[in-house]
Amino acid sequence: MTLREKHQSGKFTITVELDPPKSSSAQKIFDQAARLKGKVDAINIADSPMSKMRMSPISLSYLLQHNKGIETIFHLTCRDRNIIGLQSELLGAAALGVNNILTLTGDKPDNGDHPFAQAVFEVDSMGLLNIAHTLNQGKDLANNDLEEATNFYIGTTGNPGAEDFEIERQKLAAKIANGANFVQTQPIYDLEQAKRYIDAMSEFNIPIMLGLIPLKSFKMATYLHEKVPGISLTQDILDRVEKGGKEAGTEIAIETLEQIKKIASGVHIMPLNDIDTTLHIIDHV
């Protein structure tokens with residue numbers, strides 16, 4: 001079964017996000033993916049995350065699917081391409097059989113490893129959703145017919161930590177109208193907040209995979225809590241990680257995943273390339 005079919009059948013799904021290498025060799029990712037095979041339903045491949053130049057997520061996704069038999073979700077951002085380039089990339093992905101996409105606006109280049117690069121942002125993630133959806137209908141953005149339509153399973157992002165769930169609900173409604181088929185959210189640490197988010201979005205009947213980042217240290221926990229918009233940690237979690245460090249963070253991730261299985265369609269784990277911890281969490285739930 002594909003990820004799409006698993007969602008349609010109501011199966012709980014697990015995805016793990018990996019960063020592409022700063023290399024022309026994919027061997028490092030092959031090794032990581034081989035350890036995850038059979039444990040996860042798909043692997044997300046980021047698109048030059050934090051504006052740090054990396055291998056093409058579409059090429060890497062194809063290599064993983066073709067050579068390793070592991071389903072992928074490639075990220076595509078609006079930072080680096082205009083609408084012609086975005087459509088071209090998507091047609092190429094479709095030709096390679098890479099059909100799961102997560103649509104993102106993308107980070108500005110300012111804080112990346114090429115701060116002098118020029119950002120494009122001709123459209124944002126909403127516009128990219130519309131592009132992928134339009135190609136699925138057999139048209140390009142100029143309303144010209146394609147010789148063959150694409151068949152993308154289109155993902156979008158969600159924010160369970162939003163201050164106003166009504167605004168977040170309206171955003172998701174607009175994303176679905178523009179073609180979104182499933183949701184992967186920012187990491188959650190407040191389960192009650194996550195439950196309220198799931199309840200608020202239940203009317204849309206769209207698969208929602210809640211995000212999970214295992215905490216490695218108290219420093220990391222406080223940074224996420226204080227510096228990253230949309231992420232808030234409960235005082236109990238902060239206290240536990242301050243006392244127990246990475247071990248406590250892993251225990252919290254296991255407990256959180258156990259609860260996510262009860263309320264959501266899946267979990268999207270962002271392990272910051274810590275495959276050992278990711279496998280430990282999955283194996284203990």
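All values reported here derive from a predicted model rather than from experimental measurement.
Under a 3.5 Å cut-off, the side chain of E122 and the backbone N or O of I83 do form a donor-acceptor pair. Looking at T234, its side chain does come within 3.5 Å of a backbone N or O of I237 through a donor-acceptor pair. Put simply, the side chain of Y189 gets close to the backbone of I213: a donor and an acceptor are under 3.5 Å apart. At distances below 3.5 Å, at least one donor-acceptor pair connects side-chain atoms of H284 with backbone N or O atoms of H280. Side chain of S9 to main chain of K6: a donor-acceptor pair is present (N/O by atom type, distance under 3.5 Å, no hydrogens or angles). Using modelled atom types, no side-chain atom of T105 and backbone atom of D124 make a donor-acceptor pair closer than 3.5 Å.
Screening residues 95-126 for ring-ring contact (aromatic ring centres under 6.0 Å, His included), with sequence neighbours left out, gives H114-F116. Among residue pairs with one or both ends in residues 215-249, none qualify as ring-ring contact (aromatic ring centres under 6.0 Å, His included); sequence neighbours excluded.
Contacts of Q32 classified as side chain to side chain contact (heavy atoms under 4.5 Å, CB included), with partners at least two apart in sequence or in another chain: L18, K28, I29, N273, I275. Partners of A33 under the side chain to side chain contact (heavy atoms under 4.5 Å, CB included) rule, at least two apart in sequence or in another chain, are I43, L64, I70.
Contact annotation: the side chain of N44 never approaches that of V16 to less than 4.5 Å [non-hydrogen atoms, C-beta and beyond]. In this structure, R79 and S48 have side chains that are in contact, with non-hydrogen atoms separated by less than 4.5 Å.
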- request: Would you check, one step at a time, whether the test salt bridge (charged side-chain N to carboxylate O under 4.0 Å, His left out) holds for D164 with K171?
  value: CA-CA 11 Å; D164 190 328; K171 287 181 179 178; over 6 Å; no
query: Hey, mind stepping through H133 and N178 against side-chain hydrogen bond (donor to acceptor under 3.5 Å, both in side chains) and telling me if it holds?
result: CA-CA 7 Å; H133 179 65; N178 277 277; over 6 Å; no
Please set out all donor-acceptor pairs under 3.5 angstrom arising from side-chain atoms of residues 197-205, sequence neighbours excluded.
from: S202; atom 1: OG; to: D199; atom 2: O; distance (Å): 2.8
from: E203; atom 1: OE2; to: R169; atom 2: NH1; distance (Å): 3.4

Ignoring hydrogens and angles, write down the donor-acceptor pairs under 3.5 Å from the side chains of residues 251-263, residues two or more places apart or on other chains.
from: E255; atom 1: OE1; to: R240; atom 2: NH1; distance (Å): 2.9
from: E255; atom 1: OE2; to: R240; atom 2: NH2; distance (Å): 3.0
from: T256; atom 1: OG1; to: I252; atom 2: O; distance (Å): 2.7

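Salt-bridge annotation for K11 and D41: present, with a side-chain N of the basic residue lying under 4.0 Å from a carboxylate O of the acidic one. A salt bridge links D276 to R35: one of the charged nitrogens lies within less than 4.0 Å of a carboxylate oxygen.
Taking the six-membered ring for Trp and thresholds of 30 and 60 degrees, Y153 and H7 have ring planes inclined between 30 and 60 degrees apart.
Screening T15, T2, L3, T72 for a side chain to side chain contact (heavy atoms under 4.5 Å, CB included) with N100, the sole residue that qualifies is L3.
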